[in-house]
Structure formats: C-alpha cells, structure tokens
Amino acid sequence: QQQVKQSPQSLIVQKGGISIINCAYENTAFDYFPWYQQFPGKGPALLIAIRPDVSEKKEGRFTISFNKSAKQFSLHIMDSQPGDSATYFCAAGSNGAFIGRKAAGNKLTFGGGTRVLVKP
Amino acid sequence: EPEVTQTPSHQVTQMGQEVILRCVPISNHLYFYWYRQILGQKVEFLVSFYNNEISEKSEIFDDQFSVERPDGSNFTLKIRSTKLEDSAMYFCASKRDTDTQYFGPGTRLTVL
C-alpha cells in the first residue's frame, strides 16, 4: 500500500516534443506529491510539487496533473530540451502524520524513476 | 542559496568495517532524513529524525544503522558492520516545516 508505481521506465523524445511520465499510488493518506529531477552522480532536486486540493500545477515548461479519484498523477514536460535529459522520480508523502505521539516527519516514497533522453 | 552538503563524496570500505557518513543540513531546518539508492534503482527511505530523536525508520534501518546529530550542524549515519549489499548512494535530506525536502549530493559507499 506504500508503493508508488511509475511508468514508463525510459522515454526518448525529440527536442521540442512533450515528455509524459505517469505515477499511481494506493495510500490515500498521501497528501504531497513532488517530482524530482536527478542528473548522473547528483542528488535528486525538487522540480515541482502538488497537493491534492488542486488538479493541475504549472511551472514554466513543467506541469503536474493530479487525479485524486484515480490516485494518479503525471508530469508533462513541454518543449523538451536536451538539457532535460535526466532521470525523473515521482514521490508521495503524508505531511503532518504521527506515529504514536511523535511527528512522523513526512518521509517520501519514491517511484521507480523514468530515464528521459531528449534527442537534439 | 543554502544547500545540504555531504562528506565524503565516495567511501570505499571492507566488509565488516564501520563507516560514518556525514551531512550538514540547511541551517534552519528541523527535519533530517537519510535515503539510499542502489545503483539503477529507486530512492529508498531509511530514517527520519526530528527533535533529537528518530521519528520513523524503514525495515532497511536495522540494528546495524544509527543516526546522530552530535552538534548543531552535523547529522551522521553510522553503519556498524558493513555488508556488500550496503553498497549504494546515500543521500541526506532536510526540511524546515514546509513540504520540500532538499537533498544533498550523496555519498557513494562501496563495500568490498
């Protein structure tokens, strides 16, 4: 129930094209859904995040679409550029959760990652 | 812009040895995390730390692992007796009280 499933595992897109990555979750306690971008040898860097009170969030060329009833969310990269070539991870967390009397600290559960290659 | 730093960037050790991975979280952050990523796999949660105690840990975080915040700036992960399967990238992350967790660049641990 804690899993986050991500697809596809890899994606090749032409420069200027649209990259679409999908994620699905089961735990309805999740209330925070970030996307992280990771370049080889680097740590994950937050790209964009959404909470379930909105169905879409856009920041520049990156858009998250969120479907609460289907428990799915997706990342759209518009006008993909070669510099966008990286691995993208979706994640889910539940802010404000408690374990006993201790704040649970909002651990993130990550999807399996999508390796995106943008061809010039 | 403040960032999470980690040392060393690469640690090579023999099986059975103890290792300590170090992290300096962003200075006004309150929540601290360790995650690991085995090569080519997803990022996995190990432990979260808040108010000077572990708030949550995963099944991976067994008795061989421990965390400590020895002073006001460092956050460490100790593996007492390393195994081959501990070879991975270890990421430290921190956050204040908003949702965003900021990740460090990672320490690559290689156990021989």
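Order of the sequence lines fixes the chain letters, A, B, ..., with proteins taken first and strands second; residue numbering starts at 1 for each chain.
Criterion: ILVMFWY side-chain heavy atoms under 4.5 Å apart, direct or through other members. Under it, B:I26 and B:V24 are not part of a common hydrophobic cluster. Residues B:L21 and B:V67 fall within the same hydrophobic cluster, defined by Ile, Leu, Val, Met, Phe, Trp and Tyr side chains chained together at heavy-atom separations under 4.5 Å.
Residue B:R69 places its CZ atom among more than 12 non-hydrogen atoms of other residues, nucleotides or ligands, all under 6.0 Å distant. Taking a 6.0 Å sphere around CG of B:D71, one finds it holds more than 12 heavy atoms contributed by other residues, nucleotides or ligands. Counted within 6.0 Å of NZ on A:K68, heavy atoms from surrounding residues, nucleotides or ligands total 12 or fewer; the atom is thus considered open. Crowding of B:E59 atom CD: a count of heavy atoms from other residues, nucleotides or ligands under 6.0 Å not exceeding 12. Atom CG of B:L84 has more than 12 heavy atoms from other residues, nucleotides or ligands within 6.0 Å.
Taking B:I38 as the reference, B:R36, B:Q41, B:E44, B:A88 meet the side chain to side chain contact (heavy atoms under 4.5 Å, CB included) condition, with sequence neighbours excluded.
Interface residue A:L46: only side-chain heavy atoms are found under 4.5 Å from chain B. Neither the backbone nor the side chain of B:F32 comes within contact range of chain A, judged by heavy atoms closer than 4.5 Å.
Side-chain N or O atoms of A:Y36 include none that pairs as donor or acceptor with a backbone N or O of B:F103 at under 3.5 Å.
One finds the OH atom of B:Y35 at 4.0 Å from the CG atom of A:L108 (value rounded to the nearest 0.5 Å). Atom NZ of B:K42 and atom OG1 of A:T87 lie 15.0 Å apart (nearest 0.5 Å).
Interface with chain B: from residues 37-44 of chain A, residues A:Q38, A:G41, A:K42, A:G43, A:P44 qualify, criterion being any non-hydrogen pair under 4.5 Å.
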